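First up is the structure itself, then whatever we jot down about it.
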Amino acid sequence: MASSLGVVGFVGLNEFSFEMATKLLQAGYQVQAFETNEPLLNEFLTLGGLRCATPLDTGKDAVALVVFISNADQIDDVILANNGALEGLQKDAVFILQSSTLLPSDIKRLEKCFTDKNEAAYFVDAYIVKGVSEELNGKIMITSSGRSDATARAQPFLSAMCEKLYTFEGEVGAGSKINLVNELLEGIHLVASMEAMSLGSKAGIHPLIIYDIISNAAGNSWVFKNQVPQFLQGITKQHYLNTSIQKLGTVLDQAKSLTFPALLLSVAHQQLILGSSHIGEGEDASLIKACERMMGVNISAAMNVESYNPEQLASQITSSADSVNRIGFIGLGAMGFGMASHLLKSNFSVIGFDVYKPTQTRFSDIGGLIGNSPAEVSKDVDVLVIMVTNESQAENALFGDSGAISALPAGASIILSSTVSPGFVSQLERRLLNEGKDLKLVDAPVSGGVKKASLGTLTIIASGADEALKSTGLVLSALSEKLYVIKGGCGAGSVVKMVNQLLAGVHIASAAEAMAFGAQLGLNTRILFDVITNRRGTSWMFENRVPHMLDNDYTPYSALDIFVKDLGIVSRECSSRRVPLHISTVAHQLFLLGSAGGWGRQDDAGVVKVYETITGVKVEGKLPLLKKETVLASLPSEWPVDPINDIQTLNQNSSKTLVVLDDDPTGTQTVHDIEVLTEWTVNSLTEQFKKAPKCFFILTNSRALSPEKATELIKDICQNLQAAADSVKNADYTVVLRGDSTLRGHFPEEADAASSVLGEMDAWIICPFFLQGGRYTIGDIHYVADSDKLVPAGDTEFAKDASFGYKSSNLREWVEEKTGGRVPASSVASISIQLLRKGGPEAVCERLCSLEKGSTCIVNAASDRDVAVFAAGMIKAEMKGKRYLCRTAASFVSSRVGIVSKAPILPKDIGINKQRNGGLIVVGSYVPKTTKQVEELKLQCDQSLRSIEVSVAKLAMGSTEERAEEIIRAAEMADAYLRCRKDTLIMTSRELITGKTSSESLEINFKVSSALVEIVRKITIKPRYILAKGGITSSDIATKALEVKCAKIVGQAMAGVPLWQLGPESRHPGVPYIVFPGNVGDSNAVAELVKSWARPARLSSAKELLLSAEEGGYAIGAFNVYNLEGVEAVVSAAEEEQSPAILQIHPSSLKQGGIPLVACCIAAAEQASVPITVHFDHGTSKEDLVDALELGFDSVMVDGSHLSFKDNISYTKFISLLAHTKGMLVEAELGRLSGTEDDLTVEDYEAKLTDINQAQEFIDETGIDSLAVCIGNVHGKYPASGPSLKLDLLKDLHTLCSKKGVFVVLHGASGLSEELIKECTERGVRKFNVNTEVRKAYMDSLGSPKKDLVHVMASAKEAMKSVIAEKMHLFGSAGKA
């Protein structure tokens, strides 16, 4: 029986396709295969696969067919023949071609044949390899290509068959093209490795020492790391050499056909041919022998020399090193400044010099001493460090005017850390000996970049006399994480650095050639880069420098001219040592071409411009817009277990509190029932720790500050956190720096500041995923969802932010960009979605624990489950003693705390639906999304919203008087609108005014934000709620305008929009405060929220009013009104007694008062602070009732009591159907009351009681909501004998009505005793009609003479109000509003 997932056929099973078929079986597919290798087929059958007799059979019933082709000759036999695989293929099936040997032209030919034969099917080619990266080592990678409909159809099958799927939409053959690029890189890296080992060996360095050092340095590549050991042991034989020659020849042919100048590849190809020609018949045909003869270097002899461990040698020297009191330092560039500053932190006395005076001042600011010349910094020093750019600068610093040598004391030591030639070092050592001052020299080139320089974690390769090394050992140790001491005297360290630079330079140049070639082949260069980083063509420099090429960003982290110098050193040394380094020399020429082209001061990745200029291609790979649905569907299934419960358990077992430093208030958008502090005194923090919460927020608002002020603020908070935690027993915490999900904010400044106080962390965690805002991180690329597309973050409006702009969407590159190269992209670790979804929390924990201390790690995530899995793994790692500093968006916080989301909060949930003042909306955010949202808000809420626009030009650029006038104008208008119960929008004018620099822009932002604060402070009316739009705006309004010190995060007003309740110390205790981020929601979001929070026209509907009465066991008074005084009397009494009430209009009063009377009642109900509804009573005429339905009443009474039972049903049903379409409550009367009401008189003989049997039928047929019953009650005055009510009948009627969901109404409440009212209420009456007593009170008040009409009105109102209030108490409704 076929699987529900479908049948997949395989023609041919090799190592890869067998594993792919196995994965499909495990995923639940039925898999059938044709294979002639019986042992392999039998193993396949034992796993649950099915055997097919012919290739044709494999396609029968298959939704997908995978065909393995080992060579082009098989295309006709296996696929196109009469019994070939294509003949059995079903309509709409997917044909997947698997081949690692076919050229793109072969694949295109096959696709054409396929399309001609089967137009309805889908053709995809799939290039399969196993990854070599740490993440994908040994795991299947598939590169697929084809038409977009074909690749989409194939995606589920391909995803199930591999750990990593790359898709190229369009032309087939992408995998084969990528393989050409990979072969190009492998070939060049192989020859470069041979040259490097030859040069190093010739210079007297043991090959294994070169290998050990460079395999952990920037010169490393997959080929160097994995092939050089085999090369040195003679394992790599001629067959490998010949295969490489053949592969490179194929690549060269393709390059030639495209007129692409593969300069490095052609040299590599010729070198390998030359090496092959040196191997004769019957000889040792190893690659090392070929290399030795070609290069004229006996590498084997160098291998036979006794080796040693450079790190152990360094350890021995530093353990007995001499003490150092004073250090001179020449060269305070990026690297030098970091090194010198770290020496200061290590408690050395350091005096520095640099030709650039501002750098000297900066060094002085951090505690360093400064000198005005090399000579001045060299006086009385024990050790002098030289860290300049080149040999010429080193020469000048030592021997030029005011040079160091003249001032150095006898016996001093010099550390030369510049990259110079070994010959220069040797010559320098001889010159120092001739000075006769016993000056010692240590050759100590460094590697590692700016960050490692400042942290003292450089790699240093040192050489020199033992005495020199001993005298400088403490300095070298302080600066390095890895210190190697190379035997061979001064110059040996520079030899190793030179070999590293040879490889690094060639790898940058080969990366440029490879990416340009890929662009010429028509490949998407970003996907090409991702693929190569997981294949054998990768190198440290490829992974580090290609992102610069893709971004077309040549900010000089390392200038191109540096490699002109460094490879120039290689060229000179190979000439002097007689070692022919062809590929290194060509690479040098490429850098020279780049320098000659004017790109010398740009980043060394700019060498790619040489190829771009020659060929006209563009390597820049702008990240494409992706279809969100397609991308998310292509990911593996989520981790099957929701970790939230486990997180809650883990948190219970951990004493750590999560402390979230929020750079604006929007970070609270995923949590609830957590406190947020706006102050961070030690006392307030101590109080928090005493509560032992799992989490609390500190609102820093640091995004509104300059980098310097933000740094100091974070340090201050962290110091206070430490002090507070130390004062509370068992208090421990983890800090999260909550930042913007679109990557804006002070990074790395805040992280650096926190680390400087809290100590070095095991890793910084970067996790900007935020589902509610549509922020996804996939494949290390951060995306912002826009409708159905995923837009790379670097291409969005957020990346253009005047203060926090950026270019990179790849988070690894973003880290490098924001740290100015201090943290290279290649050193940034990442947690992949594959690891999260296939390995779960344990795999996350293992990965985190394996990170190098001080790492930066980014977290990919495409769902809240992904973040929860990461959070669970991180907690496990913390419980093992690891410490992390997190820079994240809001989603991480809720996952880390284990918060289960709840529905958005509405006004009624927090009890403000009865408050009548307007809400206050303050907008300061300038992002285009906010502007669109404000426009839509004004459009949709035009009738209920009042807008006040304040001029940014006047606030930020105007005079003091203009600014003050604008602030006062806005505050006064807002007061007036809020007082009139209108929701009020205060918004800054939409023109964006920016400064010339980011600091000027921040200053303008501050002026505008502070003005909004002043406006809100001057508003005297307490708003029903406050909504602040934008992070900086919402923070300033909360802390400065409302004086909030501690608020409770209640939840969210809508997805991604935090809702606070202001604390008792604030200006408006208890008022809801909605923090609406500037980048959340679509264009309608603000309008929808404001509408949902708008003051309701009625606090309750008529039905809700009576339902509450039913549940509370009380009744509501319906009071007939005739004029303004009557309306005001009812509303005033209701508000004073906190009682719901019904304004009731009789047809006769409607006849006199008309529509104005109805409008008066409706307006009064809407403005009341308690629930009031408006009711049309005793509609005896169909015409009157139909008219009433259009006047705005909440409910109507259909009075057909004068009709026969049958006609009453028909009449009532007609009106009931119409009224219910308008959401109105319908009351009807069954039976007939005697008496007179508003000139309508019913004689006693016409009156009749309600028949309970008729009542059931009446309710069922008419669908009414309320039943006015006749139980002996009358309209008007009761007879002298008093009322005689049938209370048993009332009880039975209530029982019936309750079953039907119908409310019981009693007319004629005037004149009923208190006891009878209570008895009726107890027996289920929920609405009493009151008229006579109120009318009487009005008429009686007219008997007393008054001076003025207004006094008459006031007197009448008070008289009626007194009666009404008494009735409210009697009915039990007082206090129930």
Side-chain angles (χ1 to χ4, degrees), residues 341 362 365-366 451 454 659-668 676-681 685 697-722 735-759 761 764-768 798-799 801-806 814-815 817-820 822-823 856 885-890 893 924-927 994-995 997-1010 1013 1030-1040 1075 1077-1079:
S341 63
R362 183 171 159 230
D365 290 342
I366 64 170
K451 180 182 179 182
S454 65
V659 181
V660 185
L661 307 190
D662 198 355
D663 70 356
D664 76 5
T666 62
T668 56
V676 54
L677 305 181
T678 65
E679 64 171 10
W680 41 86
T681 62
L685 295 174
F697 278 71
I698 299 174
L699 175 56
T700 69
N701 198 32
S702 56
R703 209 184 301 172
L705 304 178
S706 67
E708 295 77 17
K709 289 181 179 178
T711 295
E712 290 306 312
L713 175 66
I714 297 301
K715 285 182 179 179
D716 181 46
I717 292 173
C718 289
Q719 287 165 356
N720 288 0
L721 278 170
Q722 276 192 331
V735 169
V736 172
L737 299 171
R738 205 295 304 183
D740 179 42
S741 62
T742 58
L743 308 179
R744 296 170 299 166
H746 293 295
F747 178 84
E749 292 86 356
E750 291 185 345
D752 284 334
S755 296
S756 71
V757 176
L758 304 176
M761 298 289 163
W764 288 356
I765 304 297
I766 311 291
C767 181
F798 307 110
D801 187 278
S803 301
F804 303 110
Y806 56 91
W814 177 82
V815 170
E817 177 186 344
K818 300 304 284 187
T819 61
R822 189 184 84 194
V823 183
T856 300
L885 180 66
C886 304
R887 176 79 181 188
T888 77
V893 178
S925 171
Y926 279 95
V927 295
T994 58
T997 65
S998 60
S999 60
E1000 285 185 11
S1001 295
L1002 276 174
E1003 181 63 23
I1004 291 170
N1005 291 345
F1006 172 76
K1007 287 182 177 180
V1008 174
S1009 184
S1010 63
V1013 167
I1032 294 174
T1033 303
S1034 53
S1035 176
D1036 285 350
I1037 296 300
T1039 58
K1040 298 173 183 176
V1075 180
N1079 56 13

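Please read these numbers as outputs of a predicted model, since none were measured by experiment.
Note that the CD1 atom of Ile714 and the NZ atom of Lys709 stand 14.5 Å from one another [nearest 0.5 Å]. In this structure, OG in Ser1035 is found 8.5 Å from CG in Asp662, a value given to the nearest 0.5 Å. For the atom pair CD1 of Ile698 and CG of Leu721, the computed distance is 4.5 Å after rounding to the nearest 0.5 Å. With rounding to the nearest 0.5 angstrom, the CG atom of Leu737 is 9.0 Å from the CD1 atom of Ile766. With rounding to the nearest 0.5 Å, the separation of OG in Ser803 from CG in Leu705 is 11.0 Å. To the nearest 0.5 Å, atoms CG (Leu885) and OG1 (Thr888) are separated by 10.0 Å.
Closest of all the heavy-atom pairs between Ser1034 and Val1075 is OG-CG1, 3.5 Å. The minimum heavy-atom distance between Lys818 and Tyr806, with the atom names listed, is CD-CB, 4.4 Å. Looking at every heavy atom in both residues, Ile717 comes nearest to Leu685 through O-CD1, 4.4 Å. Trp680 approaches Leu699 most closely through the heavy-atom pair CZ3-O, 3.2 Å. Here the closest non-hydrogen pair linking Ser702 and Leu713 is CB-CD2, 4.1 Å. Here the closest heavy-atom approach between residue Thr1033 and residue Gly924 is recorded as OG1-CA, 3.2 Å.
With sequence neighbours excluded, the residues that form a side chain to side chain donor-acceptor pair (under 3.5 Å) with Ser755 are Trp764. Legend: residues meeting side chain to side chain contact (heavy atoms under 4.5 Å, CB included) with Ala889, ordered by chain and number and at least two apart, are Ser741, Phe770. Every residue two or more places apart in sequence or in another chain that forms a side chain to side chain donor-acceptor pair (under 3.5 Å) with Glu817 is listed here: Ser808. For the salt bridge (charged side-chain N to carboxylate O under 4.0 Å, His left out) test, residues two or more places apart in sequence or in another chain that qualify with Lys1040 are Asp1036. With sequence neighbours excluded, the residues satisfying side chain to side chain contact (heavy atoms under 4.5 Å, CB included) with Glu712 are Lys715. The side chain to side chain donor-acceptor pair (under 3.5 Å) test applied to Thr681 returns Ser684, not counting sequence neighbours. A search for salt bridge (charged side-chain N to carboxylate O under 4.0 Å, His left out) contacts involving Asp664 returns Arg703, Arg738, not counting sequence neighbours. Evaluation of the ring-ring contact (aromatic ring centres under 6.0 Å, His included) rule for Phe804 yields His746 as partners, not counting sequence neighbours. With sequence neighbours left out, Trp814 forms a side chain to side chain donor-acceptor pair (under 3.5 Å) with no residue at all.
Not a single donor-acceptor pair under 3.5 Å links the side chain of Glu749 to the backbone N or O of Ala710. Side chain of Ser756 to main chain of Ala753: a donor-acceptor pair is present (N/O by atom type, distance under 3.5 Å, no hydrogens or angles).
Salt bridge annotation for Arg887-Asp663: present, with a cationic side-chain nitrogen under 4.0 angstrom from a carboxylate oxygen.
Counting heavy atoms from C-beta outward, Asp752 and Thr711 have side chains that stay 4.5 Å or more apart.
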- Verify side-chain contact (heavy atoms from CB on, under 4.5 Å) between Phe747 and Thr819, making sure each step is shown before the conclusion. CA-CA 8 Å; Phe747 178 84; Thr819 61; 4.3 Å; yes

